[in-house]
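Only one structure is covered here, and it is reproduced in the block below.
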Amino acid sequence: MEAEVDKLELMFQKADSDLDCILYRLEYEIKNSYPDSTGEKNPVTLLKELSAIKSRYQALHTRFESVTAGQKDTKSRICVTLTKTMTMMQELQKLTDLELSPWTEEEKTAEDQLK
Amino acid sequence: ALKNDANHLLHKASLENKESTDFLKTAKVLMK
Amino acid sequence: SSDLEQLCTYINEKIGNIKHTLSLRNCGHKPALKTILNKIGDEIIVVNEILNKLESEIEYQEQTNNSLKELCESLEEDYRDVQHLK
């Protein structure tokens, strides 16, 4: 049984390298039939560039999703902390009867926007 | 399709950026 | 059996790739297909430019994210100070 498995493994390895060889020779033939002097890219190069930009797009998409998720989390933390801080400031103001300077229009607008 | 997807994502990213920049400015006003 | 399946998938993918490339072998010499190839080449350049812009937007977004994080940390510190005051 062991010998059979080894034999099968060798067959698969040979098939694999034969396929690599076929692909290499095919690509070589296509590249040769497209002298770069024409300034046009041969189909093989285009195919490779196409798959390159597809994976580049996927990578950027993943990066965008993760940075957007991170930003959402930070923004909500900022809103929560700001609200808690302002509430506590008001409590402190009552406790100490301290008169804080009234909010400017800009600050009021900013608070509304964050809300 | 890939070109449209890339354009769509570019548009989304620039919107996100504008919104985050505004948010940052607003939060900084309240920080003062 | 899953290993064997993986192996078969791997070999089939390679065969598919070769078939794909074979179909390309003659397409460049037919004028109509040659035009399509050139169009694909142009589109690739356009898409790469869009991806360059997208990459710089994402880099800007990552910088904004860092500023937001710094702001958040300093806010949380302020909150702790106010809590301590109270």
Side-chain angles (χ1 to χ4, degrees), chain A residues 8-9 12 15-16 18-20 22-27 29-30 33-34 38-47 49-50 52-54 56-57 59-89 91-92 95-96, chain C residues 4 7-8 10-15 17-29 33-34 36-41 43-48 50-52 54-55 57-83 85-86:
Chain A
L8 202 61
E9 194 177 333
F12 265 112
D16 192 19
D18 287 350
L19 288 170
D20 284 339
I22 292 167
L23 186 62
Y24 176 79
R25 284 182 52 192
L26 201 48
E27 288 183 351
E29 186 189 314
I30 290 175
S33 67
Y34 275 80
T38 58
E40 285 154 357
K41 287 183 180 152
N42 64 68
V44 170
T45 310
L46 285 181
L47 213 61
E49 283 181 4
L50 260 179
I53 57 173
K54 273 183 196 160
R56 186 180 176 207
Y57 168 77
L60 285 170
H61 193 281
T62 310
R63 207 169 136 193
F64 172 75
E65 295 296 326
S66 91
V67 72
T68 307
Q71 227 166 55
K72 208 169 183 165
D73 173 54
T74 312
K75 283 177 191 169
S76 61
R77 270 174 59 199
I78 285 174
C79 289
V80 164
T81 311
L82 266 174
T83 312
K84 285 193 312 186
T85 309
M86 286 190 264
T87 312
M88 194 164 281
M89 295 281 280
E91 284 168 18
L92 264 180
L95 280 174
T96 57
Chain C
L4 208 52
L7 209 49
C8 291
Y10 171 76
I11 295 283
N12 286 334
E13 265 170 19
K14 280 209 169 180
I15 293 170
N17 205 0
I18 287 171
K19 281 182 184 166
H20 211 145
T21 311
L22 259 176
S23 64
L24 287 172
R25 179 163 60 170
N26 307 317
C27 84
H29 301 299
L33 290 177
K34 208 166 180 177
I36 293 173
L37 275 178
N38 294 338
K39 272 194 185 148
I40 292 173
E43 286 291 282
I44 286 173
I45 293 165
V46 170
V47 172
N48 256 322
I50 295 171
L51 294 181
N52 291 338
L54 178 60
E55 190 157 26
E57 285 287 345
I58 291 173
E59 279 161 2
Y60 179 79
Q61 208 176 3
E62 284 163 348
Q63 285 159 21
T64 312
N65 216 11
N66 293 334
S67 315
L68 283 168
K69 277 183 186 151
E70 281 164 21
L71 185 87
C72 188
E73 276 144 26
S74 117
L75 264 173
E76 283 168 348
E77 200 179 317
D78 290 352
Y79 176 67
R80 284 192 290 273
D81 293 347
V82 172
Q83 220 175 11
L85 262 179
K86 192 182 171 199

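Naming: A, B, ... by sequence-line order, numbering from 1 per chain. Every value quoted in this text rests on a predicted model; they were computed, and no experiment measured them.
Between chain A and the options Glu73(C), Glu57(C), Glu59(C), Glu43(C), the largest number of non-hydrogen pairs under 4.5 Å is found for Glu59(C). Heavy-atom pairs under 4.5 Å with chain C peak, among Val44(A), Leu8(A), Thr45(A), Asp20(A), at Asp20(A). Top candidate by heavy-atom pairs under 4.5 Å with chain A, chosen from Ile18(C), Ile15(C), Asp81(C), is Ile18(C). In terms of heavy-atom pairs under 4.5 Å with chain C, the best-connected choice from Val67(A), Val80(A), Thr81(A), Leu95(A) is Val67(A).
Residues Tyr10(C) and Asp16(A) have side chains in contact (heavy-atom distance under 4.5 Å, counting atoms from C-beta outward). Using a 4.5 Å heavy-atom cutoff, the side chains of Phe12(A) and Leu4(C) are in contact. Contact of the Asn52(C) side chain with the Arg56(A) side chain is registered, since non-hydrogen atoms from C-beta on lie closer than 4.5 Å. Between His61(A) and Leu54(C) there is no side-chain heavy-atom pair separated by less than 4.5 Å.
In this structure, the portions of Leu46(A) lying under 4.5 Å from any heavy atom of chain C include both its backbone and its side chain. Residue contact with chain C, scored on non-hydrogen atoms closer than 4.5 Å, involves the backbone and the side chain of Leu23(A) alike. Neither the backbone nor the side chain of Thr96(A) comes within less than 4.5 Å of any heavy atom of chain C. For Leu50(A), the parts lying near chain C are the backbone and the side chain together; criterion is any non-hydrogen pair under 4.5 Å. Contact annotation for Gln83(C): both backbone and side-chain heavy atoms come within less than 4.5 Å of a heavy atom of chain A. Looking at Val47(C), the atoms closer than 4.5 Å to chain A (heavy atoms on both sides) all sit in the side chain, from C-beta outward.
Atoms CG and NZ, on Asp73(A) and Lys69(C) in that order, are 8.5 Å from each other to the nearest 0.5 Å. One distance of note links OG of Ser66(A) with CD of Gln61(C); it measures 9.0 Å at 0.5 Å rounding. Of the inter-residue distances, the one linking Leu85(C) atom CG with Met88(A) atom CE reads 10.0 Å to the nearest 0.5 angstrom. With values rounded to the nearest 0.5 angstrom, Thr85(A) atom OG1 is found 6.0 Å from Leu75(C) atom CG. With values rounded to the nearest 0.5 angstrom, Asp78(C) atom CG is found 9.0 Å from Met89(A) atom CE. Taken from CD in Glu76(C) to CZ in Arg77(A), the straight-line distance is 4.5 Å, to the nearest 0.5 Å.
Between Thr74(A) and Asn65(C), the closest heavy-atom pair is OG1-OD1, 4.1 Å. Between Leu92(A) and Val82(C), the shortest heavy-atom distance links the atoms CD1-CG1, 3.9 Å. The shortest heavy-atom contact between Leu51(C) and Leu60(A) is O-CD1, 3.6 Å.
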